[in-house]
Colleague: 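Pasting a structure here, questions to come.
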Amino acid sequence: MSWEENVRTVVPYTAGEQPNKADMVKLNTNECPYPPAPGVERAAAGLDYRQLRLYPDPDTGVLTKVLAEYYHVKPEQVFVGVGSDDVLSMAFMTFFNGPLPVLFPDVTYSFYDVWAQLHGIPYKTCALDENWHICPRDYRQPNGGVVFPNPNAPTGLLEDLGTVEEIVAANRDVVVIVDEAYVDFGGVSALPLLKKYDNLLVVQTFSKSRAMAGMRIGFCIGSEKMIRYLQDVKFSFNSYTMNLPAQILGAEAVRDDAYFKETTARIVATRERVKGELKKLGFSFPDSSANFIFATHGHIPAERIFRALREADIYVRYWNKPRISNYLRITIGTEEQMERLLDFLKKYVDKNRKIC
Ligand code: PMP
């Protein structure tokens, strides 16, 4: 008998690479290309390092209160975690505890099956239709819970609120998690549905639209009862998950709504311009409502483009997986970054046209 027989073996999630080259264009992990709000900089400069001596507030009180005010819910309806990955993992552990499979799309955030495996949760995927949309009728089969991102990742495609409600309403006896990591780039949030449905949990993050991926802040909003169950699991795991600077700086990011609206609008404007340019170069893609575009080229394989871009220090995301192996996920960066990408692609497509 070896100690290895009792190891909890898992196949981990593969995060996008984090290269650090001087002149690179990093469009591979959906980060915000703009800095966090000015108030975050001021608060960071004002942090008193002596405070780090103390444990942080385990209830993340200030951040919870600011979020509750911003989203017009009670603080008791808000749960904060170390990135939405932490919140989602905690929610999987708390709510997906039955014998029936949890349902999620076949093409979606690739952490869902990893958490299911880690926590021993049975799961089943439902195929997106040929236009990458969720088929709500697939979510009418017996199940132990439902989770999907809206907009979906990596497609960027938004489902309308009617479709989301149809799924939530058809599953009143389980928890439905809507992962809204990308909702601030033109999506429609399911938050208003909370008034009607106590089985809905809406998860969001500070990593994309609030430019704070490095701080690791995520949160979810649901019924008070649901949040109490989540807190119980969290406090049975680790009371002090969120550090003090993250709590202080996170609250500042929410307070500066004007900056938030300005930067997200800027990213949306760049995205719409880049869509037009990519089309001219022979790319097609689902119509993204997120801060990335999931694009395929008419005749050049995605993997070849991915490698060529990488050689030029332009990083995008590529997965060699069923259905999506001929697609690139391109994060929307600054106008200048996108210009460099488009310049490269123009030359590359032109060169490959001549070869063909
Ligand atoms: N949900 C989706 C759909 C994502 O793409 C990501 C980013 N990888 C996350 C959740 C997690 O983001 P974070 O942990 O940085 O909040």
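Order of appearance sets the numbers: ligands from 1, and atoms from 1 within every ligand. Keep in mind the model is a prediction, meaning the values are calculated, not measured. Values reported hereafter were calculated over all heavy atoms of this structure, with side chains retained and with hydrogens, waters and symmetry mates removed.
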Colleague: Under a 4.0 Å heavy-atom limit, does Tyr182 contact ligand 1 with its side chain, its backbone, both, or neither?
Modeller: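 Within the 4.0 Å criterion, Tyr182 contacts ligand 1 through side-chain atoms alone.
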Colleague: Quick test: of every protein heavy atom, which one is nearest to atom 12 (O) of ligand 1, and how far off is it to 0.1 Å?
Modeller: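 Looking only at protein heavy atoms, the one closest to atom 12 (O) of ligand 1 is Ser84 OG, 3.3 Å.
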Colleague: Please state whether the rings of Tyr327 and Trp132 are parallel, tilted or perpendicular, taking 30° and 60° as the class boundaries.
Modeller: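 Geometry flag for Trp132 against Tyr327: perpendicular rings.
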Colleague: Let me confirm one number: the CD-NZ distance from Gln18 to Lys26, rounded to the nearest 0.5 Å.
Modeller: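 Answer rounded to 0.5 Å: 3.5 Å.
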Colleague: Please state which part of Asp179 comes within less than 4.0 Å of ligand 1, counting heavy atoms only: side chain, backbone, both or neither.
Modeller: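 Within the 4.0 Å criterion, Asp179 contacts ligand 1 through side-chain atoms alone.
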Colleague: Below 4.0 angstrom from a heavy atom of Arg216, which ligand 1 atoms are there? Numbered from 1 as shown, please.
Modeller: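 Here the atoms of ligand 1 in question are 13 (P), 14 (O), 15 (O).
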Colleague: Of the choices Arg210, Lys208, Glu31, Gln204, which has the non-hydrogen atom that lies closest to atom 7 (C) of ligand 1?
Modeller: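 Among Arg210, Lys208, Glu31, Gln204, the closest heavy atom to atom 7 (C) of ligand 1 belongs to Lys208.
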Colleague: Are a donor atom and an acceptor atom from the side chains of Tyr109 and Asp85 found within less than 3.5 Å of each other?
Modeller: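 Yes, side-chain donor-acceptor contact under 3.5 Å.
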Colleague: Please work out whether any backbone atom (N, CA, C, O) or any side-chain heavy atom from C-beta onward of Ala181 is under 4.0 Å from ligand 1, and answer side chain, backbone, both or neither.
Modeller: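 It is the side chain that touches ligand 1; the backbone stays farther off.
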Colleague: If the threshold is 4.0 Å, N to carboxylate O, is there a salt bridge linking Arg323 and Asp106?
Modeller: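 Yes, charged N to carboxylate O under 4.0 Å.
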Colleague: For Glu336, give me all partners under side chain to side chain donor-acceptor pair (under 3.5 Å), at least two apart in sequence or on another chain.
Modeller: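 Only Thr334 meet the side chain to side chain donor-acceptor pair (under 3.5 Å) criterion with Glu336.
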Colleague: Return yes when atom NZ of Lys275 has more than 12 non-hydrogen atoms of other residues, nucleotides or ligands closer than 6.0 Å, and no otherwise.
Modeller: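 It does: Lys275 NZ has more than 12 such atoms within range.
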Colleague: Give the atom numbers and elements of ligand 1 that come within less than 4.0 Å of a heavy atom of Ser207.
Modeller: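 Counting from 1, the qualifying ligand atoms are 13 (P), 15 (O), 16 (O).
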Colleague: Just need the protein heavy atom nearest to atom 11 (C) of ligand 1, so name the residue and atom and give the distance.
Modeller: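 Protein heavy atom with the smallest distance to atom 11 (C) of ligand 1: Asp85 OD1, 3.0 Å.
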Colleague: So if I count the atoms of ligand 1 from 1 in the order they appear, which ones are less than 4.0 Å from some heavy atom of Gly83?
Modeller: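 Here the atoms of ligand 1 in question are 14 (O), 16 (O).
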Colleague: List the steps, then state whether ring-ring contact (aromatic ring centres under 6.0 Å, His included) holds for Tyr182 with Phe292.
Modeller: CA-CA 9 Å; Tyr182 301 102; Phe292 55 83; 4.9 Å; yes
Colleague: Nearest to atom 8 (N) of ligand 1, what protein heavy atom do you find, and at what distance?
Modeller: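 Heavy-atom neighbour on the protein nearest atom 8 (N) of ligand 1: Tyr109 OH, 3.1 Å.
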